[in-house]
Amino acid sequence: MRQHPFDVPEILEDVSIYLSQKDRIQCLRVSKNFYSVFISILWRRIRLRPPHPGKRPRPLIPSRRTLERHKHLIRDLVFEEIFPPEYTTLQDCRHLKVLRFSVKADLYWASFKSPLSEANQVLARISTLIRSHSSTLEDVSIRLMFWEDLDAFKDLLEALTECVRLKTLDLSDLTVPEEVMPVLRHICAVQLRSLQLSSVWMPDWFVEIPNNGDINSSNSSSSIGRDDGTYINNISYGNTTGDINNNQYSKSISQSITNEPYLHNSNDEVLFKALRHLTLYFGRRVNHKSISVRHQARIVRRFPNLESLSWPGLPIWAIKWQVPSASTPQTIGSHTIGFLDELAQDPWPFRYLDSLDLPWTGLNDDDLARTLRQLNRLRVLRVIGSQFGRLSLHELLIDKMILSGGRGQRDIPLCNTLETLDLGACRDVSSDMAQMLLSHCPNLRHFTADRISINDIAEGIEGHGEGWVCNGLRELEIHVDLYGTNSRISSDMMSFWQHAAYTQLGRLTELRILNLTFASKAPPGGVINRTLDLRLKAGLNILSKLKCLEELSFLHDPLQRMGVDEAIWMIEQWPKLHSLVGRLSDDKKLRRRVKAMLSSRHIITTS
């Protein structure tokens with residue numbers, strides 16, 4: 001007897017991706033096979049949040065009996081602002097691996113008007129749930145902007161130390177007091193592979209790690225640097241800070257992590273050897289003084305086995321809110337001077353580092369190039385808002401390089417291993433530099449830059465330069481500039497250039513997202529980012545091989561003139577297309593007609 005395709009669970013799993021939650025619930029009633037597959041999908045990820053203001057409350061929390069019946073199916077638990085007591089007693093969720101809890105800012109400000117005892121009860125419930133599943137949890141994320149009772153917060157961290165499989169920890173918007181630092185350090189040193197500290201307020205003594213791994217040593221002291229250049233000398237770990245040695249738990253933790261979790265370099269500095277992925281943004285310390293960027297770099301150097309590093313020196317909200325004048329890479333970079341200079345000091349400690357995410361740091365070209373010179377290979381580079389220039393470009397393209405510290409020779413250029421390159425808001429990246437990168441990075445999958453002109457693309461495709469070699473590109477976000485620096489171009493030359501640009505884009509058969517008018521900020525009033533003419537007579541039909549295309553954006557070009565023929569062609573040629581971002585036509589009636597046609601095929605249009 002021939003098996004029906006819907007009798008295969010894997011096929012139903014794939015089908016469920018395209019169904020809403022309501023549709024998945026309806027599928028439970030189709031058959032026993034549908035029920036067994038979709039019940040596991042529905043319970044795989046539980047997300048609890050309060051009802052939206054202004055809307056009718058709906059039952060979001062399953063009963064205790066229902067929870068007990070399906071708890072073996074739960075893999076992810078996500079709590080937003082609420083933590084129902086029913087989940088406190090939840091035990092034996094055999095597949096529970098991910099736990100996320102967050103409290104938003106509005107609840108933080110509301111806390112000043114009411115007692116925080118409820119917040120402490122929530123911490124206690126989370127701790128209980130973590131302990132009940134300490135043998136299965138692998139990923140924990142906690143975003144809590146306030147707590148009242150130190151013991152409740154400390155108990156939460158102690159519960160994390162019992163998670164024997166914990167690999168990923170995300171702590172955001174937290175103030176970590178000195179009394180619990182030994183617990184947090186134990187978690188980082190022994191268990192974790194990925195750590196994210198975002199807007200976490202730390203005590204001074206986290207900046208320096210005690211020598212020889214001895215947290216209880218009364219002789220373990222060093223200097224902590226401030227942003228103003230002054231230093232605090234003779235900080236003692238354990239004997240003078242918060243009476244840590246008077247706490248029996250801190251003693252046991254300190255004694256249990258003396259040697260094994262650490263490595264030692266030539267200066268006998270304690271190094272954490274387990275961590276592979278680090279996201280670091282400290283915000284401010286408890287004394288409202290920022291940790292200097294050089295000391296942040298020294299913290300990073302204590303993780304020698306890092307594979308990826310994310311360090312947002314000054315986040316976007318800080319640029320817009322705290323520093324309104326920081327609108328250029330130069331002013332932003334004034335807040336991050338010295339980070340890469342300290343990070344790239346010899347000897348280079350990172351043997352496996354191949355991913356750098358340094359958004360909005362304003363790093364200058366020389367520091368960035370010096371850091372790239374130290375890398376043996378590079379897979380991800382995100383330097384949004386930096387001064388990426390010719391020096392950094394040279395380091396990506398150079399064939400061979402003798403690595404410092406006797407680490408041998410790099411035989412292949414970094415561009416050959418590069419998969420993600422984000423140069424958004426990098427004003428020094430010219431059109432010819434973007435063309436050169438696309439022509440020398442064969443494994444590139446994601447590329448973002450501010451601009452490339454179609455004449456540079458045409459010169460490469462016609463043999464006068466170099467054509468793109470990144471045929472496996474999946475996301476391309478760049479303003480394909482129609483005119484470049486010359487707006488007085490003959491119609492014949494414009495048609496030739498557009499045809500060449502379409503030919504180059506048509507080779508990117510794995511492309512999922514194509515943004516033709518990408519800009520790090522909207523153009524000023526009266527300025528239009530003209531891009532390719534998205535009509536069949538201009539060459540749109542050349543893109544017929546982009547069968548994987550899901551999103552096409554031309555937001556900053558309001559002068560497009562797509563019609564019914566283009567809409568029909570897109571529906572037929574791009575089967576996975578679900579989003580068009582931009583003004584379809586300057587003719588209002590035609591725009592409505594095209595939009596209605598696309599909407600009938602579930603293609604979202606946004607202008």
Side-chain angles (χ1 to χ4, degrees), residues 3-52 55-104 107 118-119 121-144 155-156 159-160 162-170:
Q3 188 179 30
H4 193 279
F6 282 165
D7 291 335
V8 181
E10 290 77 9
I11 294 179
L12 291 179
E13 289 268 359
D14 293 338
V15 170
S16 68
I17 298 175
Y18 304 97
L19 300 179
S20 65
Q21 190 77 346
K22 185 177 180 180
D23 292 335
R24 292 173 182 173
I25 294 175
Q26 294 296 326
C27 287
L28 295 174
R29 305 176 181 178
V30 174
S31 66
K32 290 183 178 180
N33 186 54
F34 268 61
Y35 181 88
S36 62
V37 173
F38 280 93
I39 194 67
S40 62
I41 294 174
L42 288 169
W43 281 90
R44 186 174 299 164
R45 186 175 190 268
I46 303 299
R47 181 184 180 188
L48 298 178
R49 53 182 175 174
H52 192 277
K55 292 188 177 181
R56 184 179 65 180
R58 59 182 186 271
L60 295 174
I61 303 172
S63 64
R64 192 185 303 272
R65 182 178 179 181
T66 306
L67 272 176
E68 289 295 328
R69 187 187 308 162
H70 300 98
K71 63 183 180 181
H72 64 283
L73 301 173
I74 301 176
R75 189 181 63 182
D76 299 359
L77 271 177
V78 181
F79 303 98
E80 297 181 4
E81 301 186 47
I82 59 174
F83 193 97
E86 289 85 353
Y87 286 84
T88 305
T89 58
L90 196 61
Q91 296 182 3
D92 299 327
C93 298
R94 298 190 299 269
H95 298 99
L96 182 60
K97 295 183 179 181
V98 179
L99 175 63
R100 304 190 185 283
F101 178 79
S102 63
V103 174
K104 295 184 178 179
L107 194 61
E118 182 179 354
Q121 292 176 9
V122 169
L123 281 178
R125 293 172 187 171
I126 296 175
S127 302
T128 302
L129 182 62
I130 291 175
R131 282 194 170 91
S132 300
H133 301 89
S134 58
S135 61
T136 61
L137 280 175
E138 298 179 1
D139 185 344
V140 176
S141 174
I142 298 174
R143 180 181 180 184
L144 189 67
D155 184 60
L156 175 64
L160 291 174
E162 301 175 16
C163 298
V164 294
R165 296 189 178 185
L166 186 65
K167 302 300 179 186
T168 301
L169 178 62
D170 179 0

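On a predicted model such as this, the values are computed, not experimentally measured, just so you know.
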Under the side-chain hydrogen bond (donor to acceptor under 3.5 Å, both in side chains) test, residues paired with [X] that sit two or more places apart:
X      : answer
Thr66  : Ser63
Lys167 : none
Glu68  : Lys71

Worksheet item: Any idea which heavy atoms bring Ile130 and Cys163 closest together, and the distance?
Response: CG2-SG, 3.5 Å
Worksheet, complete the sentence: Taking every heavy atom of Ser127 against every heavy atom of Ala159, the minimum-distance pair comes out as O-CB, 3.9 Å
Approximate separation, where rounding is to 0.5 Å, of [X] [atom1] and [Y] [atom2]:
X      : Y      : atom1 : atom2 : value
Leu156 : Leu129 : CG    : CG    : 11.0 Å
Leu42  : Ile74  : CG    : CD1   : 12.0 Å
Glu80  : Arg143 : CD    : CZ    : 10.0 Å
Ile142 : Ser102 : CD1   : OG    : 11.0 Å
Cys27  : Asn33  : SG    : CG    : 11.5 Å
Leu28  : Ser36  : CG    : OG    : 10.0 Å

If you look only at distance, which donor and acceptor atoms sit under 3.5 Å apart when one is on a side chain in residues 92-99 and the other is two or more places apart or in another chain?
unit_1 : atom_1 : unit_2 : atom_2 : d
His95  : ND1    : His72  : O      : 2.8

Practice prompt. Indicate yes or no: at least one non-hydrogen side-chain atom of Arg64 is less than 4.5 angstrom from one of Leu90.
Written response: no
Item to complete: Can you sort out the partners of Ser135 under side-chain contact (heavy atoms from CB on, under 4.5 Å), two or more places apart, ordered by chain and number?
Response: none
Practice prompt. For Pro84, enumerate each residue passing the side-chain contact (heavy atoms from CB on, under 4.5 Å) test, keeping only those at least two apart in sequence or located in another chain.
Written response: Leu48, Ile61, Phe79, Glu86, Tyr87
Item to complete: List for me each residue that meets ring pair (Phe, Tyr, Trp, His ring centres under 6.0 Å) alongside His70, sequence neighbours excluded, and say none if there are none.
Response: Trp43
Response to the item:
By ring pair (Phe, Tyr, Trp, His ring centres under 6.0 Å), Phe6 pairs with (sequence neighbours left out) His4, Phe34
Where at least one partner belongs to [range], residue pairs that pass salt bridge (charged side-chain N to carboxylate O under 4.0 Å, His left out), sequence neighbours excluded:
range            : result
residues 17-30   : none
residues 8-21    : Glu13-Arg44
residues 125-141 : Arg100-Asp139, Arg131-Asp155, Arg131-Glu162

Discussion item. Within a 6.0 Å radius of atom CZ on Arg165, are there more than 12 heavy atoms belonging to other residues, nucleotides or ligands?
Written reply: no
